[in-house]
Q: 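My structure is below; once you've seen it, I'll send some questions.
The chains referred to below are lettered A, B, ... by the order of the sequence lines, with proteins before strands, and numbering in each begins at 1.
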Amino acid sequence: MGIISYEKKLFGATIYRNLYSCSTTSICTSTPVRELFKESPHRVKLHMCDSYSKVHHALEQESLGRPSENIPYGKQAKSFNTYETVESFCQMNSIGTKPTKFILCTALNSCAKTLNWQLGLQIHAYMIHSGHDDNLFLSSALVDFYAKCGAIMDARKVFDEMKTHDQVSWTSFIAGLSQNGQGRDAFYMFKEMLCTQIKPNCLTYVGVITACAGLKEAFELGLSLHSHVIKFGFNTNSFVGQLFNDCYAKWGSIDHAVLLFDEIHERDAILYNSLISGYSQNLCGKSALELFMKMRNNNLSPTDYTFTSIVNACGFLTVLFQGKKVHSLVIKIGSERNVFVNSSLIDMYSKCGDINGACCIFDQTCEKNNVLWTSMIMANAQSGRGSDALKLFEHLLTEEGFIPDHICFTAVLTACNHAGLCDKGIEYFNKMRTTYGLFPDVVCLLS
DNA sequence: CTAGGGTTAG
């Protein structure tokens, strides 16, 4: 891993920076910008820039790409605006206009949404350079930016260095911790916030509930949070209601989830998706299908999320006719390229015994990933095509740089079992530990 | 004139 150095200019400020590789891991281990400003030859230096033409060129080479086609339909318009914001900002920069704190705030917000790490860093640099770094709005936006880019340590540093905190900065940081898998810390920060004068609002609750949903002792914490929410009257907020709905479904209390669902009167597609997924994950396929019909009767258009869960339910119920009907709707709505939907479809077709249907979906999917590949290996394995499954697996290893996980090995071992290739199975079982560092339980081999 | 939120697959 070599050291890559780069030079960036923004509004007359030049940043020199050394990075260990430009992969996303550098984001997590990055040095906070403020540190980089210390005068040191190998660190960042700030001085006046004489050529603005270089700026635009440098920025063009960065991650200012267009949003990919995978962005969910509903979010696309918003996302384009965000990209346009970044572009206008860069144009402003190239003609030498100085940005105001309002513009910086909007641009930083767009950087957070589009994960534009390089530009966000430069804005932070400019904030320090121009004395905007104690602005509450900008600091909150910065906390959000770092957290969204996965640099939670940097987010914490910005948060800690703020002179005063308000509702938004607390909420941004709590949400950031939660999004970075530090649910426990998010919960502690929430408790700390309750000790201050700043009162939480519904967005704060969204952050802390999401955090709590991923924890081991979630149920206990969730119940106390829920009573807290009811006490302060936030239970009528549809976001908060939906999250609890989701939590109860995740914890297996599907009855609780249904009660909550009935209490919410303004039901949007996401709320339906959430309960349909809850039914599907709790193996209540029939209820999932019924709710799906209800959703359609209410003129709510199904999304990729809906299809993924409902196809899953069809697979569980092994209702091929229903499954095919949903599949045609998938094509009609235009979700046939979504990798989540297609993994579910492959699984559904194979569970219903239609291996050719599964193969068709697999062949038609342009952007494949580990889960989709594993679905296809499993589909072959369970349809008695053990050797096809292994052929696919070997092809992926040699041609596609595929790194299998333990679920994939379960599929491979199932294939060996069905094809009667006991020796091969033991060979893979050993490879699992030696080559991939996966520690299987013996059940894997026995299956 | 500027900031923060929810749902999906093997």
Q: Does the dG4(B) base have a donor-acceptor partner in the side chain of Thr171(A) within less than 3.5 Å?
A: yes

Q: For the side chain of Cys408(A), counting heavy atoms from C-beta on, which of dG10(B), dG4(B), dG6(B) is nearest?
A: dG10(B)

Q: Check this for me: does the side-chain of Asn273(A) come within 3.5 Å of the base of dG6(B) through a donor and an acceptor?
A: no

Q: Look at Gln281(A) and dA9(B) and indicate whether a side-chain polar atom (N or O) is within less than 4.0 Å of OP1 or OP2.
A: yes

Q: Nearest of dT2(B), dA9(B), dG5(B) to any side-chain atom of Ser343(A)?
A: dA9(B)

Q: Does Lys368(A) count as lying over the ring of Phe362(A), i.e. NZ or CZ under 6.0 Å from the six-ring centre, within 45 degrees of the axis?
A: yes

Q: May I have the step-by-step check of side chain to side chain contact (heavy atoms under 4.5 Å, CB included) for Asp405(A) and Asn370(A), ending in yes or no?
A: CA-CA 9 Å; Asp405(A) 62 7; Asn370(A) 283 17; 5.6 Å; no

Q: Rounded to whole angstroms, how far apart are CG on Asp304(A) and C1' on dT8(B)?
A: 8 Å

Q: Which nucleotide wins on minimum distance to the side chain of Lys250(A), given the candidates dT8(B), dG6(B), dG4(B)?
A: dT8(B)

Q: Return the stacking result for dT2(B) and Phe102(A): yes when the ring centres lie under 5.5 Å apart and the planes under 30°, no otherwise.
A: no

Q: Whole angstroms only, please: what is the CD1-C1' distance between Ile310(A) and dT7(B)?
A: 14 Å

Q: Within the structure shown, what part of the strands sits under 4.0 Å from Asp268(A) by heavy-atom distance: base, sugar-phosphate, or nothing?
A: base

Q: Before giving the answer on side chain to side chain contact (heavy atoms under 4.5 Å, CB included), spell out for Leu291(A) and Phe261(A) the whole-Å C-alpha distance, their side-chain angles and the decisive distance to 0.1 Å.
A: CA-CA 11 Å; Leu291(A) 190 62; Phe261(A) 181 86; 4.1 Å; yes

Q: Classify the ring geometry of Tyr205(A) against His228(A): parallel below 30°, tilted from 30° to 60°, perpendicular beyond 60°.
A: tilted

Q: Could you tell me how far apart Leu345(A) (CG) and dG10(B) (P) are, to the nearest whole angstrom?
A: 12 Å

Q: Of all the nucleotides listed (dA9(B), dT2(B), dG5(B)), which has the minimum atom distance to the side chain of Phe340(A)?
A: dA9(B)

Q: Asn245(A) has an atom CG; how far is it from atom P of dT8(B), in whole Å?
A: 11 Å

Q: Classify Val339(A) by what it touches in the nucleic acid, base, sugar-phosphate, or nothing, heavy-atom distance under 4.0 Å.
A: base

Q: Classify the side chain of Asn201(A) and the base of dG4(B) as holding, or not holding, a donor-acceptor pair under 3.5 Å.
A: yes

Q: Any base atoms under 4.0 Å from Thr374(A), or only sugar-phosphate, or nothing? Heavy atoms, all strands.
A: base

Q: Under 3.5 Å, is there a donor-acceptor pair between the side chain of Gln167(A) and the main chain of Lys199(A)?
A: yes

Q: Of all the choices, dG6(B), dA9(B), dG4(B), which nucleotide is nearest to the side chain of Leu203(A) once you look at every atom?
A: dG4(B)

Q: Looking at Asn342(A), does any N or O in its side chain come under 4.0 Å of the phosphate oxygens OP1/OP2 on dT8(B)?
A: no

Q: When only distance counts, do a donor and an acceptor, one from the side chain of Asn369(A) and one from the base of dA9(B), lie under 3.5 Å apart?
A: yes

Q: Taking only the side-chain nitrogens and oxygens of Lys148(A), find out if one of them lies under 4.0 Å from OP1 or OP2 of dG5(B).
A: yes

Q: What is the nucleic acid contact for Asn237(A), judged by heavy atoms within less than 4.0 Å: base, sugar-phosphate only, or nothing?
A: base

Q: Before giving the answer on side chain to side chain contact (heavy atoms under 4.5 Å, CB included), spell out for Arg267(A) and Asn298(A) the whole-Å C-alpha distance, their side-chain angles and the decisive distance to 0.1 Å.
A: CA-CA 9 Å; Arg267(A) 297 170 192 159; Asn298(A) 284 326; 5.5 Å; no

Q: Less than 3.5 Å between a donor and an acceptor, one on the side chain of Ser375(A) and one on the base of dG10(B), is that the case here?
A: no

Q: Would you mind reading off the distance between Met193(A) atom CE and dG4(B) atom P, rounded to a whole angstrom?
A: 16 Å

Q: Does a distance-only test, which skips hydrogens and angles, find a donor-acceptor pair under 3.5 Å between the side chain of Asn109(A) and the base of dG4(B)?
A: no

